[in-house]
Amino acid sequence: MITEGILREKLGGWKRSSYCGEVGSAQIGSQVTLMGWVQKRRDHGGLIFIDLRDREGIVQVVFNPEKGAGTHEKAHSLRSEFVIAVKGAIGKRPAGTENPELKTGAIEVYAEELKVLNDSAPLPFMIEEESDVAETTRLKYRYLDLRRLSLQRKIILRHKVSACVRNYLAQHGFLEIETPVLTKSTPEGARDFLVPSRLSPGQFFALPQSPQIFKQILMIAGFDRYYQIVRCFRDEDLRADRQPEFTQIDAEMSFVESDDVISVMEGLISAVFKEGVGIELQPPFPRLTYAEATSRFGVDNPDTRFGLELKDLSSIVAKSGFKVFADVLAKGGVVKAICAKGAAEFSRKDLDDLTEVAVSFGAKGLAWVKLTDEGWQSPIAKFLSDEEKAGIEKTLGAVKGDLLLFAAGKLSTANTVLGRLRLNLGARLRLVPAGTFNFTWVTEFPMFDYDEAEKRHVAVHHPFTAPMDEDIDLIDTAPLKVRAKAYDLVLNGVEIGGGSIRIHTSDVQSLVFDMLGISREDAELRFGFLLEALKYGTPPHGGIAFGLDRIMAIMTASDSIRDVIAFPKTQKATCPMSEAPSTVDMKQLEEIFIRIVKKQAEKE
RNA sequence: GGGGCCGUAGUUAAGUUGGUCAUAACGCCGGCCUGUCACGCCGGAGGGCGCGGGUUCGAGUCCCGUCGGCCCCGCCA
């Protein structure tokens, strides 16, 4: 009896005959042995119903006092999440008692023998399909959270996708080769996680932000095609789609150009989405150049599931009497706008919200126009001529009932502001169709960007990306005009992967380092082994890396990648379950020659 | 580094202008119940409102600070 000490029986040679979720009408009449967790007990005093759960699903077990009083008595003591084994016969449920909600709802198990393998303390929260429990609590008891079938299905699907990736890439000649986790810090890019070396006092390993250099070295070594499903580490602030450790599907190929990589990877993504969500994608996927993507959608990761594209009105309002527009244009800026169909009825509050969005992305303010029965309703209407108004309406395809939103300023600012407003409006107006997967390659990224804070050029992709052949002479003269052989794959407005053709000659690599303000000495110190390797017969090569977590999040319609990672971290990069990170013993610190320096506030 | 939202029983939440407001549902415990699957019915236990100050005769309710969570900007080659 449970009340007099816990009853915990041994398996005693019992073998499971199938998973709970796998029994069905086909087995009616046959004997089964099932093992799993008690999802729910419905005790009628006489009949007792137990929903028995394992990773494949739930089946109803019936305990009847007339079929073994001892077994029935034991069933009475069962509680949620007790671990049990049941022997019995599969039977068709009596007419009218079928449960269409359950996959196994046509049948039930008539229990003859029961073993209570383990009990369970009362739960901190219920194991339910859909949970509204606070995420911290769920993460603290992640093993319970993961028992929820909805979460198990996501983790299981992730496994299937990984298996599919390995299968596809192996079939296409890619070799799975492991690269070091303890590696060398490369100051370009994200902040590194550092690991002190006990055997080299004062020196540190870094956890890889990606296996970038190693996979290039593998190409130099002649492996021709490499892949790895690999953990990467970046010590930056977290987001819903960013974890400090995340998983990449990483691949590299030799003797290829951009189109070759893209083509093989379209096959991979198609295989993965067939496996994952059962849809047949139709490669080749649409492509946009970076210039076109930012011009039409405002961002380099365009969500192409809906329209609401940006239009340039600069030429129309070039001689405008509206000072804000005129001033911006005089300074070389642009005036762009979007037209939200049917949004003329937006309230003052709606417009305030949109203005707030615009300002948060760098706008000075937000000019708007409602096209109503009375014509232009807008704070700026009086500054614009009829001719200008007509031109704006024509360019935007605006009609009565529409709302027009304007951004004036630097091209990049105007694009960003309208691009983000577009996304906000897309959600607000429910323009985004559910269940669609729109893939777009974005190509011809700029090689360099200018970092105002650091007063130097930085690589938009990474320092090993090759420039486009026709732009190579611009590196010295007009670096910001140089386009790279880089490509991102965007799915529903989310960057799910990116890659490039790499520089495979040491002279071009040195030139690019020069451009990035990395001195010869610095380059030698940081990437010396790569520069050295490039000298010894490096084949042309390129590759790509996909964010597996993001792909899985989209496939499973999850709001956060935390839902597709078995053990994710909180926004402060902690693990509520293991309570990592934590302090360590002084002895451990001494061994690695580390001393903790307290923050000023703590000293006092 | 910054902005926003949140923190009341195991869980999810309600708590008016500060004064029986500590409340509900689910869960849990006990009892009854042979067709339930949000089982039903009866009874019961359980928190002092994230933490620390302050204002007040009196504070989940106001103020300050702090910790934690989530979303976002910066950051993330």
Side-chain angles (χ1 to χ4, degrees), chain A residues 2-3 39-52 58-67 72 76 79-81 93-102 104-105 108 110 120-141 144 186-192 209-210 212-213 232-244 246 353 356-357 359-362 416 420 424 445 447-449 451 453 457-465 484 486 495 498 500 512 516 518 526-527 545 547 559-560 562 569-572 574 576 601:
Chain A
I2 287 297
T3 48
Q39 173 72 29
K40 187 81 183 175
R41 176 185 60 126
R42 288 178 297 281
D43 189 342
H44 290 234
L47 284 181
I48 297 172
F49 299 96
I50 296 288
D51 290 338
L52 190 62
I58 290 175
V59 69
Q60 174 165 279
V61 181
V62 185
F63 291 88
N64 191 323
E66 291 156 16
K67 296 200 176 174
H72 178 268
H76 186 68
R79 294 293 182 274
S80 290
E81 300 308 307
R93 290 198 188 190
T97 66
E98 300 88 353
N99 184 353
E101 304 287 309
L102 275 186
T104 62
E108 55 195 358
Y110 299 114
S120 167
L123 300 164
F125 53 83
M126 286 183 275
I127 314 291
E128 294 174 308
E129 189 81 350
E130 293 308 319
S131 174
D132 58 352
V133 175
E135 201 172 354
T136 323
T137 311
R138 290 173 44 201
L139 290 179
K140 179 173 178 188
Y141 301 96
L144 296 181
T186 53
E188 285 288 297
R191 194 177 292 115
D192 287 319
Q209 296 174 26
S210 82
Q212 182 58 39
I213 294 178
C232 302
F233 307 86
R234 292 176 193 177
D235 189 7
E236 297 292 346
D237 288 354
L238 280 63
R239 288 286 192 283
D241 61 353
R242 279 167 25 192
Q243 284 272 304
F246 60 99
D353 288 349
E356 204 175 304
V357 171
V359 169
S360 76
F361 288 97
T416 302
R420 303 308 291 237
N424 188 295
F445 277 80
M447 236 351 235
F448 306 108
D449 196 8
D451 187 319
H457 289 94
V458 293
V460 168
H461 195 58
H462 59 52
F464 317 111
T465 299
E495 181 201 326
S500 63
V512 169
L516 294 172
I518 301 172
R526 299 172 185 183
F527 315 113
D559 291 328
S560 158
R562 292 187 299 275
K569 294 188 169 51
T570 67
Q571 197 160 60
K572 270 193 69 189
T574 65

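Note on naming: letters A, B, ... go to the chains in the order of the sequence lines (proteins, then strands), and numbering restarts at 1 for each one. The structure presented is a predicted model; accordingly, all values stated were derived computationally and were not measured.
- With rounding to whole Å, A:Arg138 atom CZ is found 14 Å from B:U11 atom P.
- Within the 4.0 angstrom heavy-atom criterion, only backbone atoms of the sugar-phosphate kind lie near A:Thr574; the bases stay farther away.
- The gap from the P atom of B:G27 to that of B:U16 amounts to 28 Å, rounded to the nearest Å.
- Judged by distance alone with a 3.5 Å cut-off, no donor-acceptor contact links the side chain of A:Arg42 to the base of B:C33.
- Closest to the side chain of A:Pro124, from the set B:C75, B:C37, B:G10, is B:G10.
- Look at the C1' atom in both B:G50 and B:G60: the space between them is 12 Å, to the nearest Å.
- Taking only distance into account, the side chain of A:Arg41 never meets the base of B:U36 through a donor-acceptor pair shorter than 3.5 Å.
- For the C1' atom pair drawn from B:U23 and B:G47, the interatomic distance equals 11 Å after rounding to whole Å.
- Nucleic acid contact class of A:Val62 (heavy atoms, under 4.0 Å, all strands): none.
- A:Gln39 comes within 4.0 angstrom of nothing in the nucleic acid, heavy atoms only.
- Judged by ring centres under 5.5 Å apart and planes tilted less than 30 degrees, A:Phe49 stacks against the six-membered base ring of B:U36.
- Once the 5.5 Å centre distance and the 30° plane angle are applied, the aromatic ring of A:His44 is found not to be stacked with the base of B:U36.
- As judged by a 4.0 angstrom heavy-atom cut-off over every strand, A:Val133 is placed among residues touching the sugar-phosphate backbone only.
- Of the candidates B:C39, B:C75, B:U36, the closest approach to any side-chain atom of A:Lys40 belongs to B:C39.
- Among the nucleotides B:C76, B:U11, B:C37, the one closest to any side-chain atom of A:Arg234 is B:C76.
- Rounded to an integer number of Å, the gap from CG of A:Asp237 to C1' of B:C71 is 13 Å.
- Across all strands, A:Thr465 comes closer than 4.0 Å to no nucleic acid atom at all (heavy-atom distances).
- Atom pair A:Gln571:CD and B:C73:P shows a separation of 11 Å (rounding to whole Å applied).
- At a threshold of 4.0 angstrom between heavy atoms, the contacts of A:Asp132 are confined to the sugar-phosphate backbone, with no base atom among them.
- With sequence neighbours excluded, no residue forms a side-chain hydrogen bond (donor to acceptor under 3.5 Å, both in side chains) with A:Glu495.
- Within the 4.0 angstrom heavy-atom criterion, only backbone atoms of the sugar-phosphate kind lie near A:Thr570; the bases stay farther away.
- Residue A:Arg191 is out of contact with every strand shown, counting any heavy-atom pair closer than 4.0 Å.
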TODO: I would like to know whether A:His462 and A:Ser500 meet side chain to side chain contact (heavy atoms under 4.5 Å, CB included); could you show each step before the answer?
DONE: CA-CA 9 Å; A:His462 59 52; A:Ser500 63; 4.0 Å; yes

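- If you check B:G68, B:G35, B:C72 against the side chain of A:Lys572, the one that comes closest is B:G68.
- With its glycosidic angle within 90° of 0, B:G48 is assigned syn.
- Classification of B:G60 as syn follows from a glycosidic angle within 90° of 0.
- Residue A:Glu236 has its side chain nearest to B:C76 when only B:C76, B:G35, B:C33 are considered.
- Looking at the side chain of A:Met126, the nearest of the listed nucleotides B:G27, B:C76, B:C37 is B:G27.
- Spacing of P atoms, B:A9 relative to B:G52, comes out at 15 Å, to the nearest Å.
- For the pair A:Leu123 and A:Glu98, nearest-nucleotide mapping onto RNA chain B gives the more 5' position to A:Leu123.
- Summarising the base pairing, B:C41 is matched to B:G31 through a Watson-Crick or G-U wobble pair whose two defining distances lie under 3.5 Å.
- Backbone-only contact: A:Phe361 has heavy atoms under 4.0 Å from sugar-phosphate atoms and none from a base.
- Using a 4.0 Å heavy-atom criterion, one finds that A:Arg420 contacts the sugar-phosphate atoms exclusively.
- One finds no salt bridge joining A:Arg242 and A:Glu236 here, because no Lys/Arg side-chain nitrogen approaches an Asp/Glu carboxylate oxygen to under 4.0 Å.
- If you measure from atom CZ of A:Arg239 to atom C1' of B:C70, you get 12 Å, rounded to the nearest angstrom.
- Annotation: side-chain hydrogen bond (donor to acceptor under 3.5 Å, both in side chains) contacts of A:Asp43 (sequence neighbours excluded): A:Arg41, A:His76.
- Among the heavy atoms of the strands, none lies under 4.0 Å from A:Asp235.
- To the nearest whole angstrom, the two C1' atoms, one in B:A22 and one in B:C41, are 28 Å apart.
- Residue contacts for A:Gln243: at a heavy-atom cut-off of 4.0 Å it reaches no nucleic acid atom on any strand shown.
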